[in-house]
Amino acid sequence: MKGEAARSEASSKQRERWLGSRPFRTILRIAAAVGGAALMAGGLGLIWPEPDPMAETPPTADDPASLAPLPKQPVMVLVVGLDGDGLNDMSNQAAPLGPANADSLMLLNVSAGGPLQVLQLPIELAVNLPGQDELQSLSATYRQGGVSLTADVIAEVVGLDEGKPDRYVVMPREALRTLVDGLGEVDVTLNQTYSRQDLAQNYSVNLQAGRQTLNGQQAEQLARHKANPGDEEDRRRRQQKLLSGIHDQLNQPNAITLLPTVVGALSLQIETDLTPPEILSLAAGVLSSQEAPEISQLQLTPRVGQQLLRELKPDQPLPLWPLLANEGAGS
């Protein structure tokens, strides 16, 4: 009997650790998020027209719609970049060691004929999470509740409309390498040399200052490199260079013919609720505009001392984005 009582007490403590002191409220919140996702997925059937039969001729750069039908409405996609090499890897071989963390978080807003809008989210942002007494980093949401909790928390922080973001993509490191190599490498211009080797994480970076062409492995180095734990802002700036380079490569004449193959390869490496035709439609929407991406960041309070968690600048009216997209706001 004592053994059963001990097991019951341990089970109760474990439930409280995961669901908090008010488990019923937490369960309702999770159920609402799941239900909302189901309704959202159904409603998105109105965004993409029925695909036409496959054309006899390959897609051409002069006509992005030849790749796939353009989305009828703007589509907001949450992109979660993991520090794990693959989706199913038991360890991320990174720091902190363990299951994959959200190492990069972005919202993409794609509309036919308009510029790609990007919001880089600070993974070091302090947020309240269900069942946690202390503030956690935004990056911790993926490890604790997967993409559903991550999307729910981001929507609350940014002040998104109900049902946003529309879709999600979870990309491990191997998917980034596949994307860059599949497009034929990307050009970036770096204002300094980066050189570091971390045997504990099986990671190294060796990139020279100036204009250069990066393959998939080098692009991963640029996206991951962080000289110290407080280097998140500088890393986001480096990731901006990589994002702009990928966008420029997408606009090369031969890129549109490569995209179906690239998307096919990526579909085996990512987790998403987008179908391959829908991904191609979003790519066509991006290509339908000649403008450069509009990349924004949330406004944060200045870092104090060695603090790692950050806070939003107070008294900002919601929503924080995409209204900031044309202002180029930084942290």
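A quick note: this is a predicted structure, and the numbers were derived from the prediction, not measured.
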Any side-chain heavy-atom pair from [X] and [Y] closer than 4.5 angstrom?
X	Y	result
Arg143	Thr141	no
Trp321	Leu107	yes
Leu259	Leu67	yes
Leu190	Gln212	yes
Arg211	Asp187	yes
Ile256	Leu287	yes
Leu82	Asp103	no
Glu271	Tyr168	yes

same_hphob_cluster([X], [Y]) at 4.5 Å side-chain heavy-atom cutoff:
X	Y	result
Leu318	Leu78	yes
Leu309	Val153	no
Val127	Leu135	no

So, taking the atom named [atom1] in [X] and the one named [atom2] in [Y], what distance separates them when rounded to the nearest 0.5 Å?
X	Y	atom1	atom2	value
Glu233	Arg303	CD	CZ	6.0 Å
Gln249	Leu183	CD	CG	6.0 Å
Asp181	Glu174	CG	CD	12.0 Å
Arg236	Lys226	CZ	NZ	10.0 Å
Gln297	Met106	CD	CE	11.5 Å
Glu124	Ser139	CD	OG	8.5 Å

- prompt: Who pairs with Arg238 by salt bridge (Lys or Arg N to Asp or Glu O under 4.0 Å), at least two apart in sequence or on another chain?
  reply: Asp231
Backbone of Ala223 reached by a side-chain donor or acceptor of Gln239 within 3.5 Å: yes
- prompt: Is a side-chain donor or acceptor of Asp166 paired with a backbone partner of Met76 at a separation under 3.5 angstrom?
  reply: yes
Return the minimal non-hydrogen interatomic distance between [X] and [Y], and the atom names on each side.
X	Y	value
Gly113	Ser288	N-OG, 2.7 Å
Arg167	Asp273	NH1-O, 2.7 Å
Ala65	Leu70	CB-CG, 4.3 Å
Ala209	Asn191	CB-C, 4.2 Å
Ser281	Pro69	OG-O, 2.6 Å
Thr257	Pro59	CG2-O, 3.4 Å

- request: List the steps, then state whether side chain to side chain contact (heavy atoms under 4.5 Å, CB included) holds for Gln132 with Asn128.
  value: CA-CA 7 Å; Gln132 299 294 323; Asn128 286 300; over 6 Å; no
If you count heavy atoms of other groups shown closer than 6.0 angstrom to [atom1] of [X], is the number above 12?
X	atom1	answer
Asp133	CG	no
Gln217	CD	no
Glu311	CD	no
Glu134	CD	no

task: Mind checking side chain to side chain contact (heavy atoms under 4.5 Å, CB included) for Ala175 and listing every partner two or more places apart, or none if nothing turns up?
output: Met171, Pro172, Leu266, Gln269, Ile270
message: Set out, in order, the CA-CA distance, both residues' side-chain angles and the distance that settles side chain to side chain contact (heavy atoms under 4.5 Å, CB included) for Val80 and Leu105, then state yes or no.
response: CA-CA 5 Å; Val80 181; Leu105 291 166; 3.8 Å; yes
- prompt: Yes or no on side chain to side chain contact (heavy atoms under 4.5 Å, CB included) for Leu243 and Ile295, after CA distance, side-chain angles and deciding distance?
  reply: CA-CA 9 Å; Leu243 183 62; Ile295 304 177; 3.8 Å; yes
query: Is there a side chain to side chain contact (heavy atoms under 4.5 Å, CB included) between Leu320 and Lys313 once you walk through the steps?
result: CA-CA 11 Å; Leu320 303 179; Lys313 184 178 178 180; over 6 Å; no
task: For side-chain hydrogen bond (donor to acceptor under 3.5 Å, both in side chains), just list the numbers for Gln240 and Gln120, CA-CA rounded to whole Å, side-chain angles, deciding distance to a tenth of an Å, and then say yes or no.
output: CA-CA 9 Å; Gln240 285 183 22; Gln120 288 184 297; 2.9 Å; yes
field: salt bridge (Lys or Arg N to Asp or Glu O under 4.0 Å) between Arg237 and Asp234, worked out
entry: CA-CA 5 Å; Arg237 294 188 185 98; Asp234 288 339; 2.6 Å; yes
